[in-house]
Amino acid sequence: MHESKEHRSHGRRRRRALIGVAAVAATATMLTACMPGGGTSSEGPGEAPEKLSGDISFWTINLKSGFADYIEGLIDGFEKKNPDVTVEWVDVPGDQIDSKFLAALSGSSTPDVVNMFSDSVSGVASRLLDLTTVLSDEALADIQPGLRDPFVIDGKQAAVPWYHSGAPVTMYRKSIMAEVPSFDLADPPSTYNDLLTLANETHDKTGKFGLNLIPSNDVFQYYGIPMLNDDKSAAAFNTSEAVEMLEKWKEAYQTNGIAPGATSTQGIPPQWIDSGETAMTVNFASMLSGIETNSPDAYKDLAVSMAPRTTDGKYLLTEMQTFVIPAESKNPHAAGAFLEYITSAKNQLDFSKLVPIYPSSVEAAKDPFFTSVSGTALTDEARKLTAAALPDLTYTGSFGTKFDSELGKVFRQGIRDYLSGSQGAADALTALEKQWNEILAG
């Protein structure tokens, strides 16, 4: 997978680039709980399965450039099993997928199977098919629940996950951490409070910045602080626990445990792990290949450990690639069969062998390719850690509202303003809570 420095951005652009591998009608109302292509069917006892036929349009994000052979192989394999179905493949640039999909939903040429960024799903959920009507129980059961269930929106399975970058890892500059007495790579920080303590000590002992992170919404969730109430009608993060947590982060920011550049809105943080100014960062293991290419000396000076866990021992996944089927698909049965074929354990495993990504399939994750990673290179060690964390992954990258993009933007900016300004934590959270509730009220 191609990596570049722009992937280091803390914003939406970096996240989307990182998980894009190349950087990757009224018929719906007539559906019953059937599975075309091998699962439970809608036919009665003794009846032959419905034969699939017709055309389907299949959209992906940034895959034609580097993975045309894999995608075309999937299409060929499916069409051989279903000779009366023709799959038309359309590859869309990542910065155009949302606008093109919205335009297609409003037009007469609705695609049938669409690859979407995970944080875009909730905004169009009302226009999407309930995938439980076209995917078998077996197929749905093979999707890791922590990655599948967050896409149950308004009572329907609006999307299913495809591939992702796995749990994050903590990266360390060995030459800096060697001067920090309490640091032990064999016993790394397991919570963000522990990581902040180590960051502060790192600056005290070395004069280098400890971290370059800010406590965005995913960090709140690592502390067990919910972002929304149960019915997603109001903000829920304005709590005494959140005030205490934010005060710890601001203290670290003010004393240079956290690098001042962490609040930058630019694509590349001014003090990143390869600069020699910052000792630690938390990011995806796949970032290491970019560091190795762009900053080989820094790469040689890195060590990795598992990142902090949530209060209940989980790792949070904040972005991934998903699939949806529009409710107005003209061929939902064939679309469902094709979607199930693409996301099968075998096909996800095959894709993971081509590029450093991880599957949403439970069965694929059990393969020795993930459970018995060999090699002693840093990238191998990071992959071992990431693979071991797969069963404990939970997706939290969506708030589950049609206002997700705006909520996230407002929250990140509010946290930046708090860290670099004079406002107290309680006042900052109250202001953010008011902004969120106004947005949610429409």
Using residues 177-189 as the side-chain source, report each donor-acceptor pair under 3.5 Å to any protein atom, sequence neighbours left out, with the distance given to one decimal.
from: Ser182; atom 1: OG; to: Glu201; atom 2: OE1; distance (Å): 2.4
from: Ser182; atom 1: OG; to: Glu201; atom 2: OE2; distance (Å): 3.3
from: Asp184; atom 1: OD1; to: Ala186; atom 2: N; distance (Å): 3.0

When the side chains of residues 368-381 are checked against the rest of the protein, which donor-acceptor pairs come out under 3.5 Å, sequence neighbours left out?
from: Thr371; atom 1: OG1; to: Asp367; atom 2: O; distance (Å): 3.3
from: Asp380; atom 1: OD2; to: Ala377; atom 2: N; distance (Å): 3.4

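A salt bridge links Asp84 with Lys51: the closest approach of a Lys/Arg side-chain nitrogen to an acidic carboxylate oxygen falls below 4.0 angstrom. Between Asp301 and Arg173 there is a salt bridge, since at least one side-chain N of the basic residue sits less than 4.0 Å from a carboxylate O of the acidic one.
Heavy-atom neighbours of Lys156 NZ from other residues, nucleotides or ligands within 6.0 Å: above the threshold of 12. Around CG of Asp230, the count of heavy atoms belonging to other residues, nucleotides or ligands within 6.0 Å does not exceed 12.
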Exercise. Step by step, would you call Ile273 with Ile291 a side-chain contact (heavy atoms from CB on, under 4.5 Å)?
Worked result: CA-CA 9 Å; Ile273 191 70; Ile291 300 174; 3.8 Å; yes
Exercise. What's the verdict on side-chain hydrogen bond (donor to acceptor under 3.5 Å, both in side chains) for Asn212 and Thr281, showing C-alpha distance, side-chain angles and the deciding distance?
Worked result: CA-CA 6 Å; Asn212 65 347; Thr281 194; 2.9 Å; yes
Problem set entry | side-chain contact (heavy atoms from CB on, under 4.5 Å) between Ser118 and Gln321, intermediate numbers included | CA-CA 6 Å; Ser118 54; Gln321 296 286 350; over 6 Å; no
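Looking only at distances, no side-chain donor or acceptor of Asn82 sits under 3.5 Å from a matching main-chain atom of Val85. Between the side chain of Gln271 and the backbone N or O of Gly261, at least one donor-acceptor pair lies under 3.5 Å. Looking at Tyr358, its side chain never comes within 3.5 Å of a backbone N or O of Ala365 through a donor-acceptor pair. No side-chain donor-acceptor contact under 3.5 Å links Ser216 to the backbone of Asp218. Using a distance-only test at 3.5 Å, with no hydrogens or angles considered, no donor-acceptor pair links the side chain of Asn115 to the main chain of Trp59.
A donor and an acceptor atom, one from each side chain of Asp404 and Thr401, are located under 3.5 Å apart. With no hydrogens or angles considered, a side-chain donor-acceptor pair links Ser360 and Gln348 at under 3.5 Å.
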